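Remarks on the structure that follows.
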Protein chains: 2
Amino acid sequence: MQPSSEPRSRRERPAKPALSRAGIVGAAVGVMRAEGLQKVTMRRLAQELDTGPASLYVYLGNTAELHAAILDELLGTLRPPVGGDWRERVEDLLTGYTALLFEHPGLARSVLVSRPSGEHYLNLIETLLALLDEGGVPAGQAAWGVDILLQHATATAAEQSGRDESVVAQDDWDALTRALHGVDRLTHPRIAALSGHLISGTPEERLSWGFNTLLNGVLGTPTPPGAR
Amino acid sequence: MQPSSEPRSRRERPAKPALSRAGIVGAAVGVMRAEGLQKVTMRRLAQELDTGPASLYVYLGNTAELHAAILDELLGTLRPPVGGDWRERVEDLLTGYTALLFEHPGLARSVLVSRPSGEHYLNLIETLLALLDEGGVPAGQAAWGVDILLQHATATAAEQSGRDESVVAQDDWDALTRALHGVDRLTHPRIAALSGHLISGTPEERLSWGFNTLLNGVLGTPTPPGAR
DNA sequence: ACCTGAACACCGTTCAAGT
DNA sequence: ACCTGAACACCGTTCAAGT
């Protein structure tokens, strides 16, 4: 019997491609788009790629690294703003970054802890530094400012997680919001007086105010001499 | 045979106390102090309280609610600052809050999503509002300011999680830090020029600068007319 | 060298059934 | 009414063993 030149497997599968970090991250983005981030697990992804979960650990150290890589991939779709002065362009860029994360708040949670370090994230930092430089922000303040601006964007998106995934959110609302309204005006007079203000505004208004507050603060707050 | 007035159980256990929300949260704090937050799971806690995990769901809606309740409990140990002007007292109070979370960064992660709504958290908000009022911060700015100040503190603590639990952290450091240093100065000139500044300063210096930046921004940034 | 089956050691949450 | 055993439907990560 002659050795066959046919592949050993009889089943004609869609030609299982070789694993690679890029391929894994691409598949992860696909699963996330189709089924949400909560389905992007090492096990589910291995299943998608027709292998066992252990194989993924050849390319990724852990799940947090996977999430960071997914965000970096998403960041590739972020276009640098063109119109307006430097402040408007900073706000536009950060609003775009936040909008991306608002669609996947779970990603924001992950990324707060294990930040991306890929090309697109570096481009975002570079662009922000260029805009702050254009606005005359001193180097030290700009460097620390980028950090705090991105932290605010990421944390604001992360706060949405849980509040959106389940439909429970609407009638359950928020225990804190209820507590703020039901407060005793004798023990907590200022909360009682300001309860309207504490939860006022749309998410967009608060985010925009946050970026402007941060920008004003960064412009006017020197970093300590030792760190400069 | 006379019915015995003895308890049905022969084993003299440490008198298993009736379940209550406060008891569960207390036990959770105990487990956290002894073994870390990662061990505070519904199952582990049920074991600690000599019952099944389902019993806990009579008192707590989910794990996030448990974590929020733990932080509120911890917040009971936070003493309002006494010395200095209003700005120093704000910074002291927020530094104390952050220090609490630095010891349990996982708690900060949870709480970013599902905030506490207990007595001690309300006291913290009330105290902050009083201090901002003392500083002459307009009501709308103070209300939104408290939110952004607490967010910065919480997010900064959350960023520590992962970086501390494992000893890997030290030599692994941070992929982003490495990426910032290894950047190409042709494609990312500003990162290359500022790489020293981007990671400079101690955590304390950066946190303090963050609070001051926020305070300066809050003082100088009016909230939008509609939301006011 | 590269890859992976199988196992280890867990999770949160629900629900039918008990007291 | 209050409580819970047992089950459902999963996880991340490791490691010995294969090719």
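The figures here come from the full heavy-atom set of this structure, side chains too, leaving out hydrogens, waters and symmetry mates. Bear in mind that the values here come from a model prediction, so they are computed numbers and not experimental data. Every chain is numbered from 1, with letters handed out A, B, ... down the list of sequences.
For the P atom pair drawn from dA9(C) and dA9(D), the interatomic distance equals 24 Å after rounding to whole Å. Taking atom P in both dT14(C) and dC10(C), the straight-line distance is 23 Å, to the nearest Å. The P atoms of dA17(C) and dT13(C) are separated by 23 Å, rounded to the nearest whole Å.
Computed from coordinates, the R21(B) CZ to dC2(D) C1' distance equals 18 Å when rounded to whole Å. Separating the CG atom of L45(A) from the P atom of dT4(C) is a distance of 13 Å, rounded to the nearest angstrom. Atom pair Y59(B):OH and dA1(D):P shows a separation of 15 Å (rounding to whole Å applied). Spacing between atom CG of D50(B) and atom P of dC3(D) amounts to 15 Å, rounded to whole angstrom units. Rounded to an integer number of Å, the gap from Q47(A) CD to dG5(C) P is 13 Å.
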Under 4.0 Å protein heavy-atom contact, by nucleotide of nucleotides 8-18 of chain D - B base, S sugar-phosphate only = B--BBBBB---
Pairs under 3.5 Å (Watson-Crick or G-U), crossing ones as [ ], inter-strand ones as |: DNA chain D comes out as ||.|||||...|||||.||
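Taking the side-chain hydrogen bond (donor to acceptor under 3.5 Å, both in side chains) definition, one finds that S110(A) meets it with H67(A), sequence neighbours left out. With sequence neighbours excluded, the residues forming a side-chain contact (heavy atoms from CB on, under 4.5 Å) with A153(B) are Y97(B), T98(B), F211(B), listed by chain and number. For D147(B), the side-chain hydrogen bond (donor to acceptor under 3.5 Å, both in side chains) partners at least two apart in sequence or on another chain are R115(B). Remark: Q47(A) engages no residue in a side-chain hydrogen bond (donor to acceptor under 3.5 Å, both in side chains) (not counting sequence neighbours).
Applying the salt bridge (Lys or Arg N to Asp or Glu O under 4.0 Å) definition to pairs two or more places apart or across chains, none involves residues 54-64 of chain A. Note on residues 188-203 of chain B: pairs passing salt bridge (Lys or Arg N to Asp or Glu O under 4.0 Å), not counting sequence neighbours, are E126(A)-R190(B). Listed by first then second residue, pairs satisfying salt bridge (Lys or Arg N to Asp or Glu O under 4.0 Å) with a partner in residues 191-201 of chain B number zero, not counting sequence neighbours.
Under the 3.5 Å distance criterion, with hydrogens and angles disregarded, a donor-acceptor pair is assigned to the side chains of E91(B) and S208(B).
No side-chain heavy atom of L66(B) sits under 4.5 Å from any side-chain heavy atom of N62(B).
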